[in-house]
K.L.:
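Before I ask anything, let me first share the structure, which is written out below as structure tokens.
Lettering of chains follows the sequences in order, A, B, ..., and the numbering in each one begins at 1. It should be emphasised that the depicted structure is a prediction, and the values quoted were computed from it without experimental measurement.
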Amino acid sequence: MAKYENWLSPVAALAPSFPQGLEALPFCAQVNLRGNPGDPEFMSRVKGELGFALPTVPNTVAGRKKCRALWLGPDEWLIVEEGDARFRDAPEGALAAQLEQALEGLHHAVTDVSANRIRLELSGPEVRTVLMKSCELDCHPAVFRPGQVAQTLLAKAQVILEKPAEDRVHLYVRNSFALYVAEWLVDAFRYSGE
Amino acid sequence: MSMLNRTASGGSVDRSKPLNFTFNGQSYRGFEGDTLASALLANGVHLVGRSFKYHRPRGIVAAGAEEPGALVQLETAEHTEPNIRATQIELYEGLVASSVNVWPSVDFDVSAINGLFAKLFTAGFYNKTFMWPRSFWMRLYEPVIRRAAGWGRAPTTSDPDLYDHMHDHPDVLVIGAGPAGLSAAVEAGRAGARVVLVDEQAEPGGSLLTLEREIDGQPGRDWVQDRIAELEAMPDVRILSRTVLFGYYDHNYLVAVERKTDHLPVMKRPGRIRQRTWHFRAGHVVLATGAHERPLVFADNDRPGIMLAGSVLTYLNRYGVFPGKEVVLFTNNDGAYETALALHEQRLKVAAVVDVRHQVTGALPARVRALGIPVFAGHALSATRGGKRVSAVEVRPVQQGAGKLTGAGRWINCDLVAMSGGWSPVVHLFSQSQGRLEFDAGKSAFVPAHAVPAQTVAGAANGDFLLKDCLLAGREAGRNGVLAAGLKPKRRKPAAAVHEPETAPMEPVWLVPGREPVGVGKAKHFVDLQNDTTAADIALATREGFESSEHVKRYTLTGFGTDQGKTSNINALGILSGLLDRPLGEIGTTTFRPPYTPVAYGALAGRNIGRWSDPVRTTSIHPWHEGNGARFETVGQWHRPWYYPKNGENLQAAVNRECLAVRNGVGVLDASTLGKIDIRGPDAAEFLNRVYTNAWSKLGVGRIRYGLMCREDGMVFDDGTTARLAPDHFLMTTTTGNAAVVLDWLEDYLQTEWPDLRVYCTSVTEQWATVSVAGPKARRVLEKLAPEMKLGPDDFPFLSFQEGTVAGMAARIFRISFTGELTFEINVPWHQGLALWKAVMDAGEEFGITPYGTETMHVLRAEKGFIIVGQETDGTTTPQDLGMDWIVSKAKPDFIGKRSFTRSDTSRPDRKQLVGLLTEDPETVLPEGAQLVFDPHAPKPMPMVGHVTSSYYSAALGRSIALALVKGGQDRMGQHVFAPLEGGTVTAVLTSPVFFDKEGERQDGEI
């Protein structure tokens, strides 16, 4: 069966009418990883599997463009693999399975959360204004910089904000809130120029 | 009508852009740049309203936010807004406004008769007059008095305008764009700080828009323009005009509202944000909020045409409007002389300057005298005349300190009185930030007594009234902000050379004597023009024992209006100080609270209205529910299908049909909303032992158990099933509404109480969509979708789980039951939920599969006596109260809540316990929440012994059923309780809460 067959995003119906600067990103592998960063064995096995070290500086992202680890807490990360880079032909869950195998015998928790959140991308000149309208966090370019991640509220929904580059922000939104967030953002874009 | 009172030139109005407007049905013209107040004055309109209690004619007093009286109803129909200060309304083409508190018109007001009964309406008249008899309150006093003594009318239709919110985090937030604020903003901006400059007016400049001053040889207005241009060129500086900073909260969280379209004609506003609320978290705050001029309290000081001297100067210099042609100035300081000079320059008649000071020696008075204008030193205004406009004033010599009149009076004709009682720093925001004020006798004003962290008060707000001091203080305030941001301030430039007149000291006067003692005769000394509070009211309050400023404020309503007493508070305190013979510093001020000026509800709500007032959470199957006519129920933030009416069925008919389908065939429920928590680690079983009341160590892999969680107090907190996926791996389910709370609770215990336990919790609520197939034919449906799975009761027994492929999708299937029927809960990744649901519907079609909603789910579980946390429990219910002792382990050494079960309160026999109720009449369905009694003939108030928690009509049983919590209920089986209801008393018998299939024979379905 093809990957993500029968998968339907909660914003699928709305996405065609998104304004410039708002986009729904495709499904990808997402794994919630918990483990002890003070345990060198844990850190090195994860590094061996991912090819880069997990970030330990709060609210930062490590990795490469295709595969990244988002710091969510002192012992919690979200591993995101764009387009399932290494597991293109494997079934869903391959990233989780690989990590699980790599960490066998160590206290850890690998949880496949690929279907837990959808992702939206904000880009272009209105990003800052839209975030100022929607989010209490300081998203000034000097404060929220590329390579940083934050967990906050967008309007009244919990989201993860990841800033991969200047003028670009990825939002990770839990599915049940996705339509609320997307509609809110469409509205925020509409009145951002004011 | 032409603008009779407009100067030939000058001011910042654009004379090439005339605007038409309507006030009280009359058409007028003004210019772009006018306020409604300046345009009315330009047209000679002083009478704009009637006073609150006495309905006396009232006019425009001030030129800004401090205006106490000139409140108008702006616009009509859905755009109408009541009680807006005419001094803050920017004029636009087509503006429509009218007076408030007048009937039938401002010129002829029937309620002015109230003035004849003035003695009735003294301070505290509400408290005294209307306390008794109580029944009169609702019938007579409230409606009649409210109608007579009211302000504007709230709109009756919903607000059509758009509002939104913004969040910003400046290093330096400067409030006020006068000389101090501009200096601070420029200083901070030059050093590279993130600056936001907020100013309530349309135009920056503050006092420099009114006073003719030179800074470094440059006219004040030009200096302002240069500063604004410099700030606008800086990338990280935001200038917000027309923005009122109204609230100052902890940790430099401040809130402002920006008026974005209120200055535009109404027809040009649609589709645009009308007002924007700004939330600031500022590194450093500079309060450069300036000062408000004080009125003088003298006899009949409320007639239209009696204005503040500084405001008169503002109308003249900023708007090119002269509010009168024959002017008497009344002052206790040198400032009013500047107004006199400006009026004279416009060739207006300055009839006299009346100064309570006996020694008038300053440079400004000297210039006034040199022009031949009579200056009455050591004199006061002792009376005024005039109906809808002041026409004459009486001038009399007064004792030093204005204690007593000392000689005969003379009347001077005039059409304008410009008064000045000195200046009060605008300390509202400082006070809101928990700043303490002290009375500075030298300045005769309350000023900030100390520095508030991460804040600087600069300029007139700090009691520094000279321009050169404002500029310096602003600069230093800006530097404080720069340093706080960790930046390096630029080198100080030499202080600006400022040309401003020297001033002699003022002499505080809080109450100017009249011809008769205060409170005697008809003359009134008004303190608060908005609430019609007089000096006599304050005297009455002290005679009746009110001495604290907070008590006097409440008893007399001083400062209780929409202006929060910006012009009245200080005079009230001064009068109180005189009455009590205590220094003003000891009297102290009342507290200033947000908002600084009134804020529209729409601005507070922003875009969080309608569909966005709260997030609506939906499952992946929601589109199907919508497409198939489901009615929805709100559960927390979720919208869940409530029932699926067919062919015009009502709720009961649909639920009966859905219930019977599940009991006799097969039904399907979207259970995706249940909380799901993945629990992993070598100590996971031990962890569950501690958070649940029952034991978990021996649960086999692949098996499921029901669990109950209590709080430390032993009260039920949540329930759900947990499956053991692997020896160190569990999947817990929680109630829909509690999912996030339970996860926080688990994390809290892991991080603070049991850090030694090696357990990780991860929320997977929205990773999995859950389709629950229930009913005797459920296995038949699943067999079609998962042909390779063995689904019989031996291979797949109750309370176990399996992984398999369902309709081609990898799934986790749980055999649990909330209905008593054979149930398979099929879980697939969330985004496949809709595909799975459709496959289940297709496969079930031949068995008549019926989608059912939360209402049917509730009936089915109630038939089985299964509780719902939050419905059968309310935070005071123990497992034992629910008859669930069986789930409370006696063997485990500890679990959360265990200790509380030995408290005397949790073991007393008369606790409210869960029972079933069967009404005597099987068709009667008790209302949920109905109170129960044992003796329906007991005298009222009857002793209440419990209440109905759940109540339904059960189609399967063909009668009503109910669950209830009843005192000692478990020992009263077979006895009666009574529900005394409005329509009669319902009798019911106590029974077991399990009504259906007591032996549990149905859970394996059709074999």
K.L.:
Sort by residue number and list every residue of residues 15-34 of chain A having at least one heavy atom under 4.5 Å from chain B.
P.N.:
F27(A), N32(A), R34(A)
K.L.:
What part of T111(A) is in contact with chain B, defined as an atom under 4.5 angstrom from a non-hydrogen atom: side chain, backbone, both or neither?
P.N.:
side chain
K.L.:
So, does S134(A) use its side chain to make a donor-acceptor pair with the main chain of L131(A) at under 3.5 Å?
P.N.:
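No: the side chain of S134(A) does not pair with the backbone of L131(A).
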K.L.:
Select one option (side chain, backbone, both, neither) describing which atoms of V181(A) are under 4.5 Å from chain B's heavy atoms.
P.N.:
neither
K.L.:
Mind ranking R174(A), M132(A), R117(A) by heavy-atom pairs under 4.5 Å with chain B and telling me who comes out on top?
P.N.:
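Option with the top pair count is M132(A).
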K.L.:
Indicate the ring-plane relationship of W184(A) and Y180(A), choosing parallel, tilted or perpendicular according to the 30° and 60° boundaries.
P.N.:
tilted
K.L.:
Quick check on the structure: residues of residues 70-79 of chain A within a heavy-atom distance below 4.5 Å of chain B, by number.
P.N.:
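Counting heavy atoms that sit under 4.5 Å from chain B, the residues of residues 70-79 of chain A involved are D75(A).
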K.L.:
Taking side chain to side chain donor-acceptor pair (under 3.5 Å) as the definition, give me every residue that meets it alongside Q637(B), ordered by chain and number, with sequence neighbours left out.
P.N.:
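With sequence neighbours excluded, Q637(B) shows a side chain to side chain donor-acceptor pair (under 3.5 Å) to D614(B), given in chain and number order.
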K.L.:
Measure I118(A) against the heavy atoms of chain B and call it side chain, backbone, both or neither at under 4.5 Å.
P.N.:
side chain
K.L.:
Just to be sure I understand the criterion: a residue of residues 673-684 of chain B counts if one of its heavy atoms is under 4.5 Å from a heavy atom of chain A. Which ones qualify?
P.N.:
D678(B), R680(B), G681(B), P682(B)
K.L.:
Between H108(A), K156(A), K133(A), H107(A), who has the most heavy-atom pairs with chain B when the cutoff is under 4.5 Å?
P.N.:
H107(A)
K.L.:
Where does C135(A) contact chain B at under 4.5 Å (heavy atoms): side chain, backbone, both or neither?
P.N.:
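Only the backbone of C135(A) comes within 4.5 Å of chain B.
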K.L.:
For the rings on H279(B) and H165(B), is their centre-to-centre separation under 6.0 Å?
P.N.:
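Ring centres of H165(B) and H279(B) closer than 6.0 Å.
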